[in-house]
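By convention in this document, chain letters (A, B, ...) are assigned in the order of the sequence lines, proteins followed by strands, and residues within each chain are numbered from 1. Heavy atoms only: backbone and side chains are in, while hydrogens, waters and symmetry mates are out.
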Amino acid sequence: MKTENVFQITNLNLHYGTKQALFDIAMEIPKNQVTALIGPSGCGKSTLLRSLNRMNDLIDNCHVDGLVQYENDDIYDKNYDVINLRTRVGMVFQKPNPFPMSIFDNIAYGPRCQGVKDKKTLNEIVKNALVNSALYDEVKDRLKEAATSLSGGQQQRLCIARAIAMSPEVILMDEPTSALDPIATAKIEELIQELKKDYTIVIVTHNMQQAARISDNTAFFLMGELIEYDKTDLIFSQPSKKQTEDYITGRFG
Amino acid sequence: MTKIEFNKDTKFSMKHNKKTDRIMQNILLIPTVLSASFVLMILIFISQRGVAPFLPSEYGNESVNFLRFITGVTWYQPPNSYGIFFIVVNTVFVVALSSLIAVPISVFTALYIAKMTPKPISKFFQTIIELLASVPSIVFGVFGLGVITKVVLWIASIFGLQTAGGISTLATVFVLAMMILPTITLLSITAINSVNLDLEKNSLALGASKMQTYFKVTLVSAKSGIFAGIILGIGRALGEATAVSMVAGNAGSGPSFDLFSTTRTLTSTMLLGLKETTGLDYDIRFSVGMVLILLIILTNLGLNYLKKKVGRFS
Amino acid sequence: MKKILLTLSIIIVAIALVGCSTTSETTSATTQTTTSIDQTMEVTVYTRDTTSGTREAFFSGIGFSAASGDNTVLVDGYVEVDGNGSMISSITNDLYGIGYISLASLTDTGLNGLQFEGVVASKDNVLNGTYGLQRPFNYIVREDWTGMDTESQIIEAFIAYMNTVDGKATISNKHGIVETTVSDSLWDNIKSNYSVCTEDNSSVTIYFGGSTSVESVAKALSAEFTTKCGNFIPEHNHTGSGDGFTRTQGSEADGANKIHIGFASRDFKESEAYAEGTTGLICLDAVVVVLNGENSILSNITSEELRKIYSGEFTTWADLLG
Amino acid sequence: MKHSKRRRLDFLFQGVITITSMIGLFLLIAIFAYVFKQGSGLLSWDLLTSDYYATTYDTYYSDQLGDEVFEKPSHLDESVYFSSKWGIGFSTALDNEGKSYMLIAYIDSNSPLRILPDKNNEGEVVEITENQALLKVIFTNYTIIMSSEGPENAANLFDAADGIIDMITTTSGKGIRGSIITTLYLIILTLIIALPIGVLSAIYLREFAPKKSKIVEILRRLIEMLTGVPSIIFGLLGAAVFIPFTSTFTAADGGNLISGALTLAVIVLPVIITSTDEALKVIPDDFRQASLALGATKTQTTFKVVLKSAIPGILSAVLLSVGRIIGESAALIYAIGTAIKDQIILTERSTSLAVHIWSIMAGETPNFELASAISIIILAVVLVLNLIVKFIANKLSYESRTS
């Protein structure tokens, strides 16, 4: 079966000021699969993730060379609409970061920013997002309460719901479980498995077991270079590169 | 799992999105430029009014001789012998004396609050100082006129000296010292708190006593920050108006260094005898204001230069 | 630690108590002192500012007219105060001070008011001309009333009121020296001549200004006259006799500080060229030389002594007492 | 030996420092003690709600007087002189400036003087009550009694008279209602002007300004310089710019509340900008990123998420500004003037509470009691505001530490 790619990255070089953070990255991200980016701290995996929805724009002296195509469009083209890109490529961050508003308003935030005002539609969107993020039963009676009153795991699922509410095509996850306890982590992982039916997911993780458990493809980064990228089971069972083997067997990192 | 799609592009086209941000950026530039323009406005409009008294085109033969203005040692209304030299000298004298009183007290207080007392007491004292900092000038004025002048009167009577009801240089100095004390103290506390604790520990380990450490290590390391506080305090003292003019008196000539005689500062000159009039006696206050601004700028430059020299080891 | 805390709080309380007691002690210090006067002390000379009518009356009264408009001829270290009230409070606080105030404000001040050339400052002595330091309280109104019809009518009525039995009673109540004659009428008998007073003037503001010495008289008059004349709003801003002219007919007549009626506690000067029929006499007043209430070293003073004090020939109290 | 000397020296220093550090506390207590001692006697609801200028009543009595003889009530002491014919008693009282005047110390409930016709408004009546001052009475026998002639004379003349042509009484006055209203007006106007400008400037500088722009750096510096300008200089700005400005565009003629509010707005601007900026600074970047990642524009992010989180900071700014406005005196003396008013009109002069103090202290005989009473109010408000700000700041720093 031929897989369709949502992202096509070619010759991507990224500098923070004079410091180069990514070297000649080339990879494709297949649709409706979970792609995990692994590697030691500072290897550039988060940087790569953020260059997929151009969150790196926010960093002052970040400079990008090369080509990142989303559905065949160069997202770094100067006429490319970033805002639109971000509505289609959602993101979940390392630390749960619900806005200081109610649960409902948090989820409705994105659609509202897009000009959705109709109460009924919003209700529907919020409910659907909560159901899809497996949070609905827990919060359905307290939608008006502050989002910060939720537990850490719930907050993270809320952030996922918030991303889902935009009905994106891709969801980028930057170590979404690193701030959570094992039970909450398990719930999120379960959720990711559910979500991949409808969404393409790119996840940065520190936790190799997690990558092994949930991802279809895994990319291993070291010092800003893409060392190896393949089906997850292949990476973990018979890595082709020595560094990859060293890393996943825990010899460094 | 259902996916609810909504149209993301109808209302907010790509151009629109970029435009809103750029428009907003430009809109927000307006209040910012406005906020920043007030300093320039002050300089321009006050100079404009302040120069008028010297122009024969404005005041004909009543116009003030500029040279006399800056060198003069009398300040009388008519005949307009407005001379600001002695007022500047008196102002500097009064401010210098008040900082001489306020600085040691402030630094000691800061040391006490930051180092020498347990947390609850230190918090309590810091709050007290903060409250003192927020007491409005006019209240200091009432207190100054009601109490400080009487204290000065009492001091004068001890030494058998004369004073015009306590309204005097000394009263002005006391009131100013009271007013700048909290400013200097609060900044000194910050400065002392930011001194690396390791330095103190090292000093103690070398056998220095706590007091020696505080004076030789802590204060020395914090001197740059303390100096910043002093600069701020002196700035405040120079510009303080209401309370000062209530206790300064209205000396018509000078300079006078007699603590128990009346004095005249730049700010008291601007407020005293203000009769809500237009005309020369009103406009000349703008000239005094110009001199005050100049004095504050010069003092700041001078003190900052000094601060750089003092702080070159830290 | 507890001991330190305890000591601390005791110190604080002690300081606070001492502080409070000194506060209360010192506030009444001036009234408690029974200090005898040390004659080697200098005389602190107080004067009003040069726009003051009291100053004019004082210096011309003692034959030192050069000083009425010029501070440079005065003794070094004189203190200039900018109102009758501040003169009173200054002398009240200064055991060795000498100054001059309006007789109208002497009562209740506790100051030692001196005889001048052996004559007591009193109503009778002023009216019969024996008291030398006297001066007139005058009013001056605008010449140009363009666009101020109601205001001009109210002022006209106000001036008439000042000459009624009612008005004169008020003036003399505020220690203005005024002679009532049989020809004076009651306001009630003449008020029909002033139809403006039957209207509602509560939206009209009448601006009063000029001499601070006349202020208390003017305020008393306006306060009761407003109820008799349609409740106009009297606004007083008294800044000195000079401004009485300047703000009605002089340079500020049309400026932001314009007034409808001004007062002067002296005769108008030649430089104050007023239009005919715009001024008049309200009452007379005496200027009294005052010392601190505790200072009873003198009860009489002569114009020569005053000249010498104000010019700096006498500097100490011993000089003055000879 | 040397050691013990050092210890003694240490102890001495410790003592000196401890004692000097009490000075701040001592001063605060002394200020409070003084203003309370002087002013608390005057502080009353009446002071806050009554006019500064006394209201004057002008009445007469032309009816036939009845034969009733009134008894002097036993609770009145000898200082009250009583007219048994009219049922009214007078005494001498001192006003706030220490001047004596004649007080209506007692009026019988059946006294013919209780309700009198208003002389100048037909059909209306004036109620004569205790605590009014008697200014002047002209009796039908043409005798006149003035307030300075003493209560004994007054009682005698009343007893001798059969009717009254003219009687003028006044309420006590010296209330500060007008100045309280002015202060409130100034607070509201100033905040309306300064708050949007300040908050938007802070937003621009922290969220929108291009980084490393020279011009932005200059703007920032200029705004910082505003903090160091003494308030009297702002007063000059008000007199030189805002008074002419308001005179051109409004009915104002000279200093007025709007020119005052504009001046105050410039004064509190740096307070608002700094405080808002501080609040924006501590908002975690997470919020901004999360919002942007959801496809919100920067504008939406700023106004929907960032600003919301900055509200406590802005609130502190508002409270600090209110404190500053209430305490400000020097600038307002120039920008509005010092005329105490009862009728507050935006385009005219009047005094805030602080300038009210200045007016009564610098103008005529200083009135320490009233000045202290107003000082108590100002101090109370300012100190409470500052404590609230401190509380908010503590809470914020606590929250940012725990989250």
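- Of the charged side-chain nitrogens involved, none lies within less than 4.0 Å of a carboxylate oxygen, so that Asp166(D) and Lys136(D) do not count as a salt-bridged pair.
- You'll find the ring centres of Phe158(D) and Phe139(D) inside the 6.0 Å limit.
- With a threshold of 4.5 angstrom between heavy atoms, Asn173(C) approaches chain D through its backbone and through its side chain.
- Looking at Ile243(D), there are no atoms closer than 4.5 Å to chain C (heavy atoms on both sides), in backbone or side chain.
- Figure legend: cation-pi geometry between Lys228(C) and Tyr161(C) absent, as NZ or CZ is not positioned both under 6.0 Å from the six-membered ring centre and within 45° of its axis.
- By number of non-hydrogen pairs under 4.5 angstrom with chain C, the leading residue of Lys119(D), Met146(D), Glu149(D) is Met146(D).
- Using a 4.5 Å cut-off between heavy atoms, Tyr142(D) contacts chain C through its side chain alone, with no backbone atom that close.
- Using a 4.5 Å cut-off between heavy atoms, Asp166(C) touches chain D through backbone and side chain atoms alike.
- Of the two parts of Lys168(C), neither the backbone nor the side chain holds a non-hydrogen atom closer than 4.5 Å to a non-hydrogen atom of chain D.
- Neither the backbone nor the side chain of Lys174(C) comes within contact range of chain D; no heavy atom of the residue lies under 4.5 Å from a heavy atom of that chain.
- For Thr198(C), no part sits under 4.5 Å from any heavy atom of chain D, backbone or side chain.
- For the pair Asp254(C) and Arg142(C), the salt-bridge criterion is met [side-chain N within less than 4.0 Å of a carboxylate O].
- More than 12 heavy atoms of other shown residues, nucleotides or ligands fall within 6.0 angstrom of atom CD in Glu199(C).
- None of Thr55(D), Thr169(D), Thr56(D) except one satisfies the side chain to side chain donor-acceptor pair (under 3.5 Å) rule with Gln132(D); the exception is Thr169(D).
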